[in-house]
Amino acid sequence: RYMNGLFTFRTGAKGAWAWTLARHHGNPDNDFDSDQPGEYKEACILYPAAEGYPLRPTLQFEALRLGIQDYKALRTLESLLATSNNPKVEGIRTIFRHRIDNIPWENYTQFPNESMEELRAWVLEKIAELQ
């Protein structure tokens with residue numbers, strides 16, 4: 001989630017993508033049955049569908065999905081801060097930059113999911129204020 005959303009936003013990149021969707025060897029539900037040298041875990045963001053069922057998302061898929069939503073919210077607020085005539089813009093921009101700049105780059109585990117949830121809620125609140 002951090003890498004696909006907040007980290008991508010902070011780099012200034014305009015997008016990112018996951019390197020694989022579903023590349024498994026043998027049983028996709030068994031991470032230990034690969035016969036490929038050096039590949040001991042299934043490379044799956046979505047697991048293949050079981051008979052009569054849709055593709056099954058993984059934790060990585062859910063993290064990517066949340067990251068995309070985070071990225072969209074951050075970019076939306078950034079865009080509003082650049083174009084809005086609302087008198088609150090300067091104050092929000094200052095707090096936004098301070099919050100973003102104080103998130104660690106080196107170790108995303110120092111910015112846990114709960115912190116991202118709180119940041120996203122704040123960002124969405126500020127988007128609503130500026131619209």
Side-chain angles (χ1 to χ4, degrees):
R1 176 180 186 173
Y2 174 88
M3 296 300 290
N4 197 53
L6 186 56
F7 182 83
T8 301
F9 171 79
R10 291 180 76 193
T11 66
K14 301 301 181 199
W17 103 39
W19 67 275
T20 191
L21 187 62
R23 183 171 55 99
H24 61 87
H25 306 286
N27 178 355
D29 295 312
N30 182 349
D31 284 345
F32 304 104
D33 68 343
S34 175
D35 58 1
Q36 303 295 312
E39 290 190 22
Y40 304 108
K41 182 179 183 313
E42 306 297 353
C44 292
I45 296 203
L46 291 170
Y47 288 123
E51 186 67 35
Y53 292 95
L55 292 173
R56 296 173 288 148
T58 63
L59 291 175
Q60 295 93 330
F61 177 86
E62 291 303 318
L64 288 169
R65 184 183 61 73
L66 289 170
I68 290 166
Q69 292 174 345
D70 296 339
Y71 180 88
K72 288 169 63 174
L74 293 162
R75 281 277 176 234
T76 299
L77 180 56
E78 183 179 62
S79 176
L80 285 171
L81 289 171
T83 59
S84 177
N85 293 324
N86 189 308
K88 297 179 180 181
V89 164
E90 275 312 308
I92 294 171
R93 181 183 294 121
T94 299
I95 295 168
F96 182 58
R97 286 283 27 119
H98 176 75
R99 292 187 76 156
I100 297 298
D101 292 345
N102 283 297
I103 296 168
W105 278 95
E106 311 81 35
N107 183 352
Y108 66 84
T109 62
Q110 295 173 350
F111 197 73
N113 190 56
E114 297 79 24
S115 298
M116 191 61 236
E117 286 294 324
E118 191 277 324
L119 176 61
R120 188 196 311 182
W122 182 86
V123 166
L124 294 175
E125 177 184 305
K126 298 310 166 192
I127 289 169
E129 284 182 30
L130 294 176
Q131 287 184 332

Which atoms form the tightest heavy-atom contact between [X] and [Y], and what is the distance?
{"X": "Gln110", "Y": "Pro104", "value": "OE1-CB, 3.1 Å"}
{"X": "Leu6", "Y": "Leu74", "value": "CD1-CD1, 3.7 Å"}
{"X": "Thr8", "Y": "Tyr71", "value": "CG2-CE1, 3.8 Å"}

Problem set entry | Set of side-chain contact (heavy atoms from CB on, under 4.5 Å) partners for Ser79, sequence neighbours left out | none

Problem set entry | side-chain contact (heavy atoms from CB on, under 4.5 Å) involving Leu66 - partner list, sequence neighbours excluded | Arg1, Gln69, Arg120

For this session: Just do the side-chain contact (heavy atoms from CB on, under 4.5 Å) check on Leu59 and Glu62 with the steps written out, would you?
Result: CA-CA 5 Å; Leu59 291 175; Glu62 291 303 318; 5.6 Å; no

With heavy-atom distances below 4.5 Å as the criterion, would you say the side chains of [X] and [Y] are in contact?
{"X": "Trp105", "Y": "Arg10", "result": "yes"}
{"X": "Ile68", "Y": "Arg65", "result": "no"}
{"X": "Phe7", "Y": "Ile103", "result": "no"}

Problem set entry | Euclidean distance, Asp70 CG relative to Arg75 CZ, rounded to 0.5 Å | 13.0 Å

Exercise. Going from CZ on Phe9 to CG on Leu77, what distance comes out if it is rounded to the nearest 0.5 angstrom?
Worked result: 7.5 Å

Enumerate donor-acceptor pairs with a distance under 3.5 Å from any side-chain N or O in residues 121-131 to protein atoms, sequence neighbours excluded.
residue, atom, partner, partner atom, Å
Lys126, NZ, Glu129, OE2, 3.0

